[in-house]
Amino acid sequence: MTREVIRTRNFAADAADFILNQAQKAIDERNEFRIALSGGNTPRPVYARLATIARDLPWESIQISFSDERCVPPDDVQSNFRMARETLFVPAAIPEKSIMRMRGEIDPPIAAEEYEDHLDLLAKQRGEHAYQHDLILLGLGDDGHIASLFPDTVGLDETTRRVIANFVPKFNSWRLTFTFPLINHARQICFLVNAMEKGNVIERVLRGDPQLPASRVTPATGDVTWILSLLP
Ligand code: 6PG
């Protein structure tokens, strides 16, 4: 695993360029690109920028998944799918068949199982024992969470399932999330974080603070890139 930390005042442009380069590399090598989007707010300008520079990508050869989702309907303001739809899917006219939405509106364990089954089917169709993302985007919470793997939640200890429903006491709600087995199977991880807001927790993760879930993002053979915004 190699790690690169990029600090930039051109966050959206640099992050979008990084994603585009990863897409072109994967398509050149394997004729497809498997990306998992992060939720929250930080990625918004990145997705909007990507929509403007990546119109010519062969989106029909791209599989877009989500590293986590809130347990809400897709039109809910809290929905990560809604955020990605508004900033990327609609502006870039991405075909619906390229988008794998987590169904936050149904029973969480059932939604998690159906998503995992979908990934497993895609992997099986390619003779793989487990679905391998080319790129997983992750944000970073103030408490060091990634996806919806929050401190002191059961999901942190999942070693077999790739997608689970994880109850988050701090929100008193369920979330759908990738687990460390799936995340650490990726070819490339990219953290998208605002260093002006989360400088301290970033440094703790980069030092490997074991109390923080983000410190457990250690892909077996993949690389990790941090793209940090230096603008408020
Ligand atoms: C979510 C995200 C979550 C997010 C972090 C950072 O569903 O909220 O997946 O892990 O990336 O909480 O969120 P911000 O980018 O909004 O700070």
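Because only heavy atoms are used, hydrogens play no part in the values below, and waters and symmetry mates are left out as well, while side chains stay in. We count ligands from 1, going down the list as the structure has it; atoms in each ligand are counted the same way.
- Ion pair E128/R34 flagged as a salt bridge, since at least one NZ, NE, NH1 or NH2 atom sits closer than 4.0 Å to an Asp/Glu carboxylate oxygen.
- Looking from atom 10 (O) of ligand 1 to the surrounding protein, the closest heavy atom is A147 O, 2.7 Å.
- Polar contact with ligand 1: absent for P43 (N/O pair, distance under 3.5 Å).
- Proximity of N80 to ligand 1, defined as any heavy-atom pair under 4.0 Å, is confined to the side chain (atoms from C-beta onward).
- At the shortest separation from atom 16 (O) of ligand 1 among protein heavy atoms lies N41 N, 2.8 Å.
- Residue S148 has no nitrogen or oxygen atom sitting less than 3.5 Å from a nitrogen or oxygen atom of ligand 1, judged on distance alone.
- The protein heavy atom nearest to atom 15 (O) of ligand 1 is T42 OG1, 2.6 Å.
- Ranking protein heavy atoms by distance to atom 9 (O) of ligand 1, first place goes to D68 OD1, 2.6 Å.
- Near S38, the atoms of ligand 1 lying under 4.0 angstrom from a non-hydrogen atom of the residue are 11 (O).
- With respect to the salt-bridge test (charged N to carboxylate O, under 4.0 angstrom), the residues E203 and R207 do not qualify.
- The minimum heavy-atom distance linking A111 with I106 is given by the pair CB-CG1, 3.6 Å.
- When hydrogens are left out, the protein atom nearest atom 17 (O) of ligand 1 is K198 NZ, 2.5 Å; that is the closest non-hydrogen contact.
- Using modelled atom types and a 3.5 Å distance limit, the side chains of D209 and S215 yield no donor-acceptor pair.
- At least one test fails for R162 against the ring of Y131: distance under 6.0 Å to the centre or angle within 45° of the axis.
- H145 NE2, 3.4 Å is the protein heavy atom nearest to atom 5 (C) of ligand 1.
- Below 4.0 Å from some heavy atom of G139 lie the following atoms of ligand 1, by number and element: 11 (O).
- Listed by number with element, the atoms of ligand 1 under 4.0 Å from a non-hydrogen atom of L140 are 6 (C).
- No N or O atom of E197 sits closer than 3.5 Å to an N or O atom of ligand 1.
- The proximity of S67 to ligand 1, defined as any non-hydrogen pair under 4.0 Å, does not occur for either the backbone or the side chain.
- Checking each of R30, E29, Q63 against D134 for a side chain to side chain contact (heavy atoms under 4.5 Å, CB included) leaves exactly one that passes, namely R30.
- The closest side-chain donor-acceptor pair between N166 and T153 falls under 3.5 angstrom.
- Of all protein heavy atoms, the one lying nearest to atom 8 (O) of ligand 1 is R70 NH2, 2.7 Å.
- Across all their heavy atoms, S67 and L137 have their closest contact at OG-O, 3.6 Å.
- The aromatic rings of F89 and F81 are tilted relative to each other, their planes meeting at an angle between 30° and 60°.
- At a 4.0 Å heavy-atom cut-off, ligand 1 does not touch E69 at all.
- Among all heavy-atom pairs drawn from L119 and M100, the shortest one is CD2-CE, 3.3 Å.
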